[in-house]
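Nothing here was measured: the structure is a model prediction, and the numbers come from that model. The figures that follow rest on heavy atoms only: side chains count, while hydrogens, waters and symmetry mates do not.
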Amino acid sequence: MQSSLPASRAALLGWFDLHQRDLPWRRTRDPYAIWVSEVMLQQTRVETVRRYWDRWLETFPTVASLASASTEAVLSQWQGLGYYRRARNLQAGAIFIVEQLGGAIPTTAEGWKTVPGVGPYTAGAIASIAFGEPVPAVDGNVLRVLSRWLALERPIDSKEGRFAIDSLAADLAAGPRPGAWTQALMELGATLCTPTSPACLLCPVSAGCAAAAMGEPTRFPLKAKAKAPREVHRFALALRQPETGAEWWVQRDEQGLLGGLWEFPLLTSLDEAQAAAEPLAHHGDLLHIFTHIRLTVTLCSATEDATEPPIPDGYQTGRWVLLEERESLPQSRLMRKLRERLLLPTG
DNA sequence: CAGTCGTGGCA
DNA sequence: TTGCCAAGACT
């Protein structure tokens, strides 16, 4: 039997008051600090963000300090968090607030939506948490929790399914304690109403949950099918001067994957056999292989970029040496490997 | 609108 | 070891 919306809402708030995690960004009311936390938390685990949030606020304690910082310093503080566009947008947002809003930080969701890097979710989260505005903030947790609550048969990535979730979220947001409510809904999704093993027996709102009543909460949310990833074959080549130990790096294009970061030059080929021949064909007997990482990249946008940077003067006497060879790696593991071996600190 | 953008944890 | 995906925004 479905209980009333206000009753379920009150039950979830009561549970949140008792069982919420002690997160550092819940100990502040500084809207800038909350903004930083929300951007860091986009598509990123709480435990990962913990390590960055404190340090970020020590380095850039105010909107003004972030706005006047160098891009290099900003990216350096972000290094390892991923989705580096977020760091650039965060600084662009700080500059926007200083230059366009006269330094006055927005206080409403509508205002926040005009800030670079702040979309519908983040605008609602900041407005409700930092300013108490009764607006919804629908993230992946909320999509999951509410789709289970409704036993929603429409996929959440369809227009109709998303509309149903947004409608319910808006109704629920219009009640007491908007900030606590926003966090309570996400907290439930993060700790009890989890993707693979929901703890319905501990859930404060299971009595009103249609999926729990059906006995199969993990059937929701429904999702449309994902497409198959495409493959790209690449070589990472690193040149080092034996005498000095100096290594040859190139900077990636500002746009796209790992934009603006440093790496060994990569050769790209759609054909595996051609890729296997490229490094030696290009460098002949003049050089030995220093680093020769054979990579299969999925979901990589660099397919067309097969140009090889010229080897700068003074490195011609270096040696190419085989360091490692891999059959293939998924993107996440590939990037881990690239970061371990290829990425330089930016600051 | 569908594609793109990182990383780390976990079953 | 491998696939999946988590506090999304932008183009």
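- An OP1 or OP2 oxygen of C:dA6 is reached within less than 4.0 angstrom by no side-chain nitrogen or oxygen of A:Q43.
- Applying the salt bridge (charged side-chain N to carboxylate O under 4.0 Å, His left out) test to A:E47 and every residue at least two apart in sequence or in another chain returns A:R50.
- Between A:Y52 atom OH and B:dG6 atom P there is a gap of 13 Å when expressed in whole angstrom units.
- B:dG8 and C:dA9 have their P atoms separated by 22 Å, with the value rounded to a whole Å.
- Looking only at side-chain heavy atoms (C-beta outward), A:F16 and A:W181 stay at 4.5 Å or farther from each other.
- Contact annotation: side chain of A:T48 to base of B:dG9, donor-acceptor pair absent below 3.5 Å.
- Straight-line distance from the CG atom of A:N89 to the P atom of B:dT4: 19 Å, rounded to whole Å.
- For the residue pair A:T59 and A:Q77, a side-chain donor N or O sits within less than 3.5 Å of a side-chain acceptor on the partner.
- Projected onto DNA chain B by closest heavy-atom contact, A:R51 and A:T196 fall at different nucleotides, the more 5' of which corresponds to A:R51.
- Computed from coordinates, the A:K223 NZ to C:dC4 C1' distance equals 9 Å when rounded to whole Å.
- Looking at residues 126-138 of chain A, you'll see that no heavy atom sits under 4.0 Å from any atom of DNA chain C.
- In this view, A:E187 and A:R21, A:R26 satisfy the salt bridge (charged side-chain N to carboxylate O under 4.0 Å, His left out) rule, not counting sequence neighbours.
- Applying the salt bridge (Lys or Arg N to Asp or Glu O under 4.0 Å) rule to pairs touching residues 105-117 of chain A yields A:E110-A:K113, sequence neighbours excluded.
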If you look only at distance, which donor and acceptor atoms sit under 3.5 Å apart when one is on a side chain in residues 117-127 of chain A and the other is two or more places apart or in another chain?
| unit_1 | atom_1 | unit_2 | atom_2 | d |
| --- | --- | --- | --- | --- |
| A:Y121 | OH | A:E38 | OE1 | 2.7 |
| A:T122 | OG1 | A:Q42 | NE2 | 2.9 |

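- At whole-Å resolution of the value, CD in A:E47 and C1' in B:dT7 are 15 Å apart.
- Residue A:P195 has its side chain nearest to C:dA6 when only C:dA6, B:dG6, C:dG8 are considered.
- A:L23 comes within contact range of at least one nucleobase, with a heavy-atom separation under 4.0 Å.
- Residues A:L172 and A:W149 have side chains in contact (heavy-atom distance under 4.5 Å, counting atoms from C-beta outward).
- The separation between A:R85 atom CZ and C:dT11 atom P is 8 Å, rounded to whole Å.
- Contacts of A:R162 classified as salt bridge (charged side-chain N to carboxylate O under 4.0 Å, His left out), with partners at least two apart in sequence or in another chain: A:D166.
- Looking at residues 108-124 of chain A, you'll see A:P116, A:G117, A:V118, A:G119, A:P120, A:Y121, A:T122 sit with a heavy atom under 4.0 Å from some atom of DNA chain C.
- The salt bridge (Lys or Arg N to Asp or Glu O under 4.0 Å) analysis of residues 134-153 of chain A, with sequence neighbours excluded, yields the pairs A:E153-A:R219.
- The phosphate of B:dT7 has OP1 or OP2 within less than 4.0 Å of a side-chain N or O from A:Y84.
- For the pair A:R86 CZ and C:dC10 P, the interatomic distance rounds to 12 Å; values are reported in whole Å.
- Residue contacts for A:W78: at a heavy-atom cut-off of 4.0 Å it reaches no nucleic acid atom on any strand shown.
- A heavy atom closer than 4.0 Å to some atom of DNA chain C occurs in no member of residues 159-173 of chain A.
- Spacing between atom CH2 of A:W35 and atom P of C:dG8 amounts to 18 Å, rounded to whole angstrom units.
- Under the salt bridge (charged side-chain N to carboxylate O under 4.0 Å, His left out) criterion, A:D17 pairs with A:R177, not counting sequence neighbours.
- We find that CD of A:E38 is positioned 14 Å from C1' of C:dA9, with the value rounded to whole Å.
- Summarising the hydrophobic clusters (Ile, Leu, Val, Met, Phe, Trp, Tyr; side-chain heavy atoms under 4.5 Å, direct or chained), the residues clustered with A:I34 are A:I129.
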Show which side-chain atoms of residues 193-204 of chain A pair as donor or acceptor with protein atoms under 3.5 Å away, not counting sequence neighbours.
| unit_1 | atom_1 | unit_2 | atom_2 | d |
| --- | --- | --- | --- | --- |
| A:T194 | OG1 | A:S197 | O | 3.1 |

